[in-house]
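One structure below.
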Amino acid sequence: LQELYLDNTEITDLTVKHLIKCDFKQLQKLYLSETKITDKAVEHLIKCNFIQMLELDLSSTKITDIAVEHLVKCDFKQLEKLNLSFTDIT
């Protein structure tokens, strides 16, 4: 799986926690915009080995500055696009 579009769904932090149990080493694009996720979901996401990640869309979610603290710990060497618009990040 290289692309996963979950934007504009009812996905929650708990759903993300279960999703990370899958093998997403080849995942390049993950779209979670307009979902109900919070900082907790981002905390779960960083536990994945997203070495191929090119695009991550977390726009229009309830994430805050805490999520950014988690994201900077990730090893997104190939990340080209990160969308954090319309969030509670200051």
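What's counted below: heavy atoms across the whole structure, side chains too, no hydrogens, waters or symmetry copies.
- Applying the salt bridge (charged side-chain N to carboxylate O under 4.0 Å, His left out) criterion to E34, with sequence neighbours excluded, gives no partner residue.
- Of all heavy-atom pairs spanning C74 and I46, the tightest one is SG-CG2, 2.9 Å.
- Contacts classified as ring-ring contact (aromatic ring centres under 6.0 Å, His included) and involving residues 44-85 (residues at least two apart or in different chains) are not found.
- Distance check, rounded to the nearest 0.5 Å: CG of D57 to CG of L30 gives 8.5 Å.
- Only one option out of I63, V68, D13, T61 pairs with D39 in a side-chain contact (heavy atoms from CB on, under 4.5 Å); it is I63.
- The minimum heavy-atom distance between A67 and V42, with the atom names listed, is O-CG1, 3.7 Å.
- By the rule that hydrophobic residues join a cluster once side-chain heavy atoms approach within less than 4.5 Å of another member, L58 and I66 end up as members of separate clusters.
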Show me, pair by pair, the donor-acceptor contacts under 3.5 angstrom made by side chains of residues 80-90, not counting sequence neighbours?
| unit_1 | atom_1 | unit_2 | atom_2 | d |
| --- | --- | --- | --- | --- |
| N83 | OD1 | S85 | N | 3.0 |
| N83 | OD1 | S85 | OG | 2.7 |
| T87 | OG1 | L84 | O | 2.8 |
| T87 | OG1 | I89 | N | 3.4 |
| T90 | OG1 | D65 | OD1 | 3.3 |
| T90 | OG1 | D65 | OD2 | 2.6 |

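- For the side chain to side chain contact (heavy atoms under 4.5 Å, CB included) test, residues two or more places apart in sequence or in another chain that qualify with K62 are T38.
- Among residues two or more places apart in sequence or in another chain, the side chain to side chain contact (heavy atoms under 4.5 Å, CB included) test is passed with D7 by Y5, Y31, S33.
- For the pair T35/T12, no side-chain contact is recorded, criterion being any heavy-atom separation below 4.5 Å from C-beta on.
- Annotation: side-chain hydrogen bond (donor to acceptor under 3.5 Å, both in side chains) contacts of T9 (sequence neighbours excluded): none.
- Linking ILVMFWY side-chain heavy atoms closer than 4.5 Å, directly or via other members, places L45 and L1 in a single hydrophobic cluster.
- Taken from CD in E69 to CD in E43, the straight-line distance is 11.0 Å, to the nearest 0.5 Å.
- When the side chains of ILVMFWY residues are joined at heavy-atom separations under 4.5 Å, either directly or via intervening members, L54 and L32 end up in two distinct hydrophobic clusters.
- Remark: K36 pairs with E10 by the side-chain hydrogen bond (donor to acceptor under 3.5 Å, both in side chains) rule, at least two apart or across chains.
- Side-chain contact between M53 and L27: present, with at least one pair of heavy atoms (C-beta onward) separated by less than 4.5 Å.
- Scanning for side chain to side chain contact (heavy atoms under 4.5 Å, CB included) contacts around Q52 gives Q26, Q28, Q78, with sequence neighbours left out.
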